[in-house]
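Below is one structure, written out as structure tokens; the observations come after it.
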Protein chains: 2
Amino acid sequence: MRNGHTSIAAKKQVAGRSRVTISDVADDLGVTKSTVSRALNGYPDIAEATRLRISRAAERLGYRPLAHAQAIRTGRVRSLGLVLQIDADDGARPFLANFIAGVTQAASEENWTITIATAESEKGVRETLSRLVDEHKADGFILPRTLLRDRRVETLRAQNIPFIMFGRTEDPTDCAWYDIKGEDAMRAATARLISLGHTRIAHVPGGQEYTYSKLRIEGYRAGLDAAGLVFDPDLVGAPALTGRDGDASVRALLSLPEPPTAFTFAVDRAALGAYRTARDLGLRIGEDISIIAYDGLPEGAYADPGLTTFAVNSRQAGERLARLLIKRIRGTAPEDLRELAPATLVERGSDRPPRLSSADLALRLKTNSLI
Amino acid sequence: MRNGHTSIAAKKQVAGRSRVTISDVADDLGVTKSTVSRALNGYPDIAEATRLRISRAAERLGYRPLAHAQAIRTGRVRSLGLVLQIDADDGARPFLANFIAGVTQAASEENWTITIATAESEKGVRETLSRLVDEHKADGFILPRTLLRDRRVETLRAQNIPFIMFGRTEDPTDCAWYDIKGEDAMRAATARLISLGHTRIAHVPGGQEYTYSKLRIEGYRAGLDAAGLVFDPDLVGAPALTGRDGDASVRALLSLPEPPTAFTFAVDRAALGAYRTARDLGLRIGEDISIIAYDGLPEGAYADPGLTTFAVNSRQAGERLARLLIKRIRGTAPEDLRELAPATLVERGSDRPPRLSSADLALRLKTNSLI
DNA sequence: AAAATCCTCGAAACCGGTTTCGGCAAGGGA
DNA sequence: TCCCTTGCCGAAACCGGTTTCGAGGATTTT
């Protein structure tokens, strides 16, 4: 009997024709599909014996519920949304692969998937986000690169759509987040340079609109404070996210009357720009000037000398973000979904004790420029 | 009258309560939802005037059909699948962001989305692929990094699931693809080194199981043939995908009795390993030995001297792949969906005329090793 | 022993769409 | 004028699930 029924389902599958549906499972056992559905979804009004028979049959027949068929009734598509902003100069994101790997790993353990979209501008991101929301392509969203005042957050919050931020924001109301303690990293970087003997230490911040940028400046400042050094606003350079801007920012800082002998950078890419500055000005990194940055880009290992930096574990970040978001979607309050993780120091060769004092460095620069 | 109806729909929306459905549109106009559906989907049995009224009303009410609700009847979820293999040593894929940007751009122009998953092994990729197929999370798949004999292809082909390869494969039956002409690039690289005056030119291939690897070796060989140089199997090094392996492969080649003065690499990462070799052996790249690679990684620009390489436009690749796959899903025959694009040379400093002959280089290496 | 309660499951409605089928009215041909 | 098309749309079934409701039998309570 059971075999007779089974062969029908089997035939369906072999024919490549339509899939095994919930009705096939129901027919195979002689129950109704409503019973199968409730059994598989853990409703309490199904006898344990029945539940067992059903789940075994489902397994045997290879039944897989169709997420989008479930979604039409439940409103859940079991998918996490991720909208990336990819500008021309920022296309290279080496961590992205790891980040995505983390997200998808966590997601697929719960049998969720992730829906990705991209846009080129901030406005484009919001529009894309709206489209995904309208078409309900995802049950919730991961928001990377959060701004101090983030309009994505405002939109989603207003529509009551679950989301989690990778980063923090100014107004944390109803926000869940995961973030790396960039402020701690910058404090540690500054402390480290001080312990190496530097006293004129600059900071090249990231984009002002980003929350992390503000936090990292605060960390830098905290590092100075802890050592009793006074914070000099002149030593906070122009914001830089790219090599080109980093180069410019460093040049400006070096042309101060009392130039810094060490630099902290909010982002690696800006720090890599300093290598060009150094080459052009005849300085040697790790000797004439020291630098410590943040991100952990692989490029940093290829620079000469290698870039000392605080690396973030993007894979772990993706994983945690996915898990937190799923919890959020399932109803946990956002206040209970906030996590911070540390960045880890990768020591390479770009930070060493100063060979020149600030004054000597200034002199040296003047001399070099005359050649 | 119309306003009366409209306000009901509007109220639904304002309340944040359920969305605007096809029935709302139908009610607003006093027609049935079947008419609305057919009007919006271009069925021929709807009067032009009616179609216009309906599409205007849909627009006005902000109606967006739910892709997953449509899917349950049509079997199309309007999503492209992408399963990435992310191994530990290969996590850094700088092109990934651009690639994804290309895919999503093309996809969203047609109002499709992309569903991404990752796995860590070849087997894991196939399992993940199966899961996505079983749950019908995507209507078709993009297969990156194709192998000469690719089991993903065999599976999908057998189940008659639309797919497109990024790369080619041994048995092209029923396969659509987009690929970069790596063979042409390697031929050009070899020809370029020959025209600079090199005569002992090595090639460090990629993973043997990959199709591109075989093609690039062929290109290298074609470059030699074109100049009348004989192909020496000893000058094809050990396969290398990472810096470490590239380093080892180059060392072995340099220890030949007649070492090569120039190297072509199937992949940039292996070529970057040669910088370490050179440093260790006291050689100067671009002077004592020349190298040309392939991929266009941004790291290459930070190496000293910069790595000359053939760059692939990953964004364009993603875009084309998405468009071709959508066509495939809509029914175009795979034979009509095959495209090749060229890689473009990025000239930096790693390839120059030889300063030493092969014999002199051998001598020099022996001397250096004695120090 | 009768009544109330509990456990378990079937029946049917429902989710938001698509698609088939048939009917009605207008138009064309004989 | 009558019949046959044709054009256009409504009615209803359908897709693959979930969820509500209620009925029947078994158990427990009184």
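Chain identifiers are assigned alphabetically (A, B, ...) following the order of the sequence lines, protein sequences preceding nucleic acid strands; residue numbering begins at 1 within each chain. Computed from heavy atoms alone, side chains included, the values below leave out hydrogens, waters and symmetry copies.
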*asked:* Reading DNA chain C from 5' onward, which residue's closest nucleotide shows up sooner: B:Ile72 or A:Glu48?
replied: A:Glu48

_5'-most by nearest nucleotide on DNA chain C - B:Asp45 or B:Ser23_ = B:Ser23

Could you pull out all donor-acceptor pairs under 3.5 Å where a side-chain atom in residues 71-84 of chain A meets a protein atom, sequence neighbours excluded?
from	atom 1	to	atom 2	distance (Å)
A:Thr74	OG1	A:Gln70	O	3.0
A:Thr74	OG1	A:Arg76	N	3.2
A:Arg76	NH2	A:Ile329	O	3.3
A:Arg78	NE	A:Asn111	O	3.2
A:Arg78	NH1	A:Gln70	OE1	3.0
A:Ser79	OG	A:Thr113	O	3.4
A:Ser79	OG	A:Thr115	OG1	2.8

_Residues touching DNA chain D, which here means a heavy atom under 4.0 Å, drawn from residues 64-71 of chain B_ = none

With sequence neighbours excluded, tell me which residues meet salt bridge (Lys or Arg N to Asp or Glu O under 4.0 Å) with [X].
X: B:Glu339; result: B:Arg320
X: B:Arg56; result: none
X: A:Arg157; result: A:Asp171
X: B:Arg315; result: A:Glu120

_Test ring pair (Phe, Tyr, Trp, His ring centres under 6.0 Å) applied to B:Tyr178 - qualifying residues, sequence neighbours left out_ = none

_Pairing residues for B:Phe166 by the ring pair (Phe, Tyr, Trp, His ring centres under 6.0 Å) criterion, not counting sequence neighbours_ = B:Phe99

_Check the phosphate of C:dT8 against A:Tyr43, side-chain N and O only, distance under 4.0 Å to OP1 or OP2. Yes or no?_
no

*Between B:Thr50 and D:dC9, does any side-chain N or O lie under 4.0 Å from OP1 or OP2?*
yes

*asked:* Could you work out how much the helix from C:dA1-D:dT30 to C:dA30-D:dT1 bends, comparing the axis of its first five pairs with that of its last five, to 10°?
replied: 50°

*Which residues, if any, of residues 131-140 of chain A bring a heavy atom under 4.0 Å of DNA chain C?*
none

*Could you tell me the separation between the CD1 atom of B:Ile54 and the P atom of C:dT18, rounded to a whole number of Å?*
12 Å

Between the protein and nucleotides 11-13 of chain D, which nitrogen or oxygen pairs are less than 3.5 angstrom apart?
from	atom 1	to	atom 2	distance (Å)
D:dA11	N6	B:Ser34	OG	3.2

_Donor-acceptor pair, side chain of B:Thr155 and main chain of B:Arg151, under 3.5 angstrom_ = yes

_Nearest 0.5 angstrom please: B:Leu66 CG to A:Glu135 CD, how far?_
8.5 Å

_With a 4.5 Å cut-off on side-chain heavy atoms, are B:Thr169 and B:Arg149 touching?_
no

*Of the options A:Leu325, A:Ile164, A:Leu156, which is the one that meets A:Leu143 in a side chain to side chain contact (heavy atoms under 4.5 Å, CB included)?*
A:Leu156

*Quick one: list whatever passes side-chain hydrogen bond (donor to acceptor under 3.5 Å, both in side chains) with B:Glu109, sequence neighbours left out.*
B:Gln105, B:Arg323

